[in-house]
2 protein chains.
Amino acid sequence: MKSHPKHEVPDQARRDDWQKSLRQRSGRVTRSRQSILELLRRELRPYTPQDIAAALAPKRCDLATIYRTLTRFEQLGLVQRVDLGDGRSRFEISENQPGGHHHHHLVCRQCSKIVEIDDCIPAELESRVARQHGFLEVTHRLEFFGLCPKCQRGV
Amino acid sequence: MKSHPKHEVPDQARRDDWQKSLRQRSGRVTRSRQSILELLRRELRPYTPQDIAAALAPKRCDLATIYRTLTRFEQLGLVQRVDLGDGRSRFEISENQPGGHHHHHLVCRQCSKIVEIDDCIPAELESRVARQHGFLEVTHRLEFFGLCPKCQRGV
DNA sequence: GTGGATGCAAAGTGTTTGCATGGAC
DNA sequence: GTCCATGCAAACACTTTGCATCCAC
């Protein structure tokens, strides 16, 4: 788990960046969109749309809006979808965004605790897979599952 | 893609194996269960419950039954769930079953073509992740995504 | 003022569950 | 004959969509 300073005041340069690219594609900078992106920038872990709704509770943001916003942000490359295999989507700040970085997850099979993992597969493995089958633009998804220390002790 | 002989007559020893362990847990060997397991043993690729229903069409097996059967088979270790991130479950013969083996998948982002991949992450990576975070019984899920040769040519 | 964003409700999709009937043993 | 498995329909959870209203620009 990496610690990080919780800047309540987001960096102005970054802020302008996404607002600009959103406007360029005839999108509008609304309060909901700002709140959602700020949340994901501040809390560097995967959030389900429901998590986001709960976190923004006082602002009462509709789930449909959250879904639409996340889809838009995904297209803009601001956030990325994380799939931990439990049938619900999660989103976190994109790895190519300021503050984001390429990583994977280790999930407790029992309590669903999520730990960020910075290790990765050898780059050579991915390129070999791509080459051997003639695929292009190959990416990978790697997640680990196990029993966390707490659950081992039957807590 | 590995080729394999399509024995229309399943090996009798194997057959008895699962039937025995099913009966031991007060389960019954029914026609539906036999058909489903035979299908997954014959066709070594991930099947959605809907795929299975279609493949068994003449036998008209209810989806609810297929779901229940697959869940049961999963618990027995006969089949394993494959998650390719499109929000639907797939099942294939378990890697510890005769005929099965540990592998991953390469999926075309456009046409969803699935290629089996026998490469894997270094065992040392998995054990390191487990050790560093104190997790036990750690397994991994690794899937590749890319653009297949056909879709590259805009077919 | 215009066109995109939002809230709300309805519709979709994949999956699970309740219950009466059917079938394995 | 006893229970478990099945089919059918209803219920569920997550997600998407239609539409009138709202608001960023």
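A note on names: the letters A, B, ... follow the listed sequences, proteins ahead of strands, and every chain is numbered from 1. Not measured: the values here are computed from a predicted model.
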Can you check whether Gln50(B) has a side-chain N or O nearer than 4.0 Å to OP1 or OP2 of dT15(C)? yes
N/O (side chain, Arg23(B)) to phosphate O (OP1/OP2, dC25(C)) under 4.0 Å: yes
What nucleic acid atoms does [X] come within less than 4.0 Å of, heavy atoms only: base, sugar-phosphate, or nothing?
{"X": "Ser89(A)", "value": "sugar-phosphate"}
{"X": "Ser26(B)", "value": "sugar-phosphate"}
{"X": "Arg72(A)", "value": "sugar-phosphate"}
{"X": "Arg68(B)", "value": "base"}

Pairwise 5' ranking along DNA chain C for Leu63(B) and Thr30(B), keeping only the more 5' one: Leu63(B)
Closest-nucleotide ordering on DNA chain C, the 5'-leading residue of Arg28(B) and Pro49(B): Pro49(B)
Basic-acidic side-chain contact under 4.0 Å: Glu92(A), Arg45(A): no
Pairing of Asp119(A) and Arg128(B) as salt bridge, 4.0 angstrom limit: yes
Is a donor from one side chain sitting under 3.5 angstrom from an acceptor on the other, for Thr139(B) and Arg109(A)? yes
Does a donor on one side chain and an acceptor on the other come within less than 3.5 Å for Asp118(A) and His102(A)? no
Arg33(A) side-chain proximity, nearest of dC14(D), dA5(C), dG7(D): dA5(C)
Intra- and inter-strand pairing of DNA chain C, written as dot-bracket with Watson-Crick and G-U pairs under 3.5 Å and | for the latter, reads |||||||||||||||||||||||||
Could you tell me the separation between the OG1 atom of Thr48(B) and the CZ atom of Phe91(B), rounded to the nearest 0.5 Å? 9.5 Å
Is there a side-chain contact (heavy atoms from CB on, under 4.5 Å) between Cys111(B) and Lys150(B) once you walk through the steps? CA-CA 9 Å; Cys111(B) 71; Lys150(B) 268 190 188 171; 5.9 Å; no
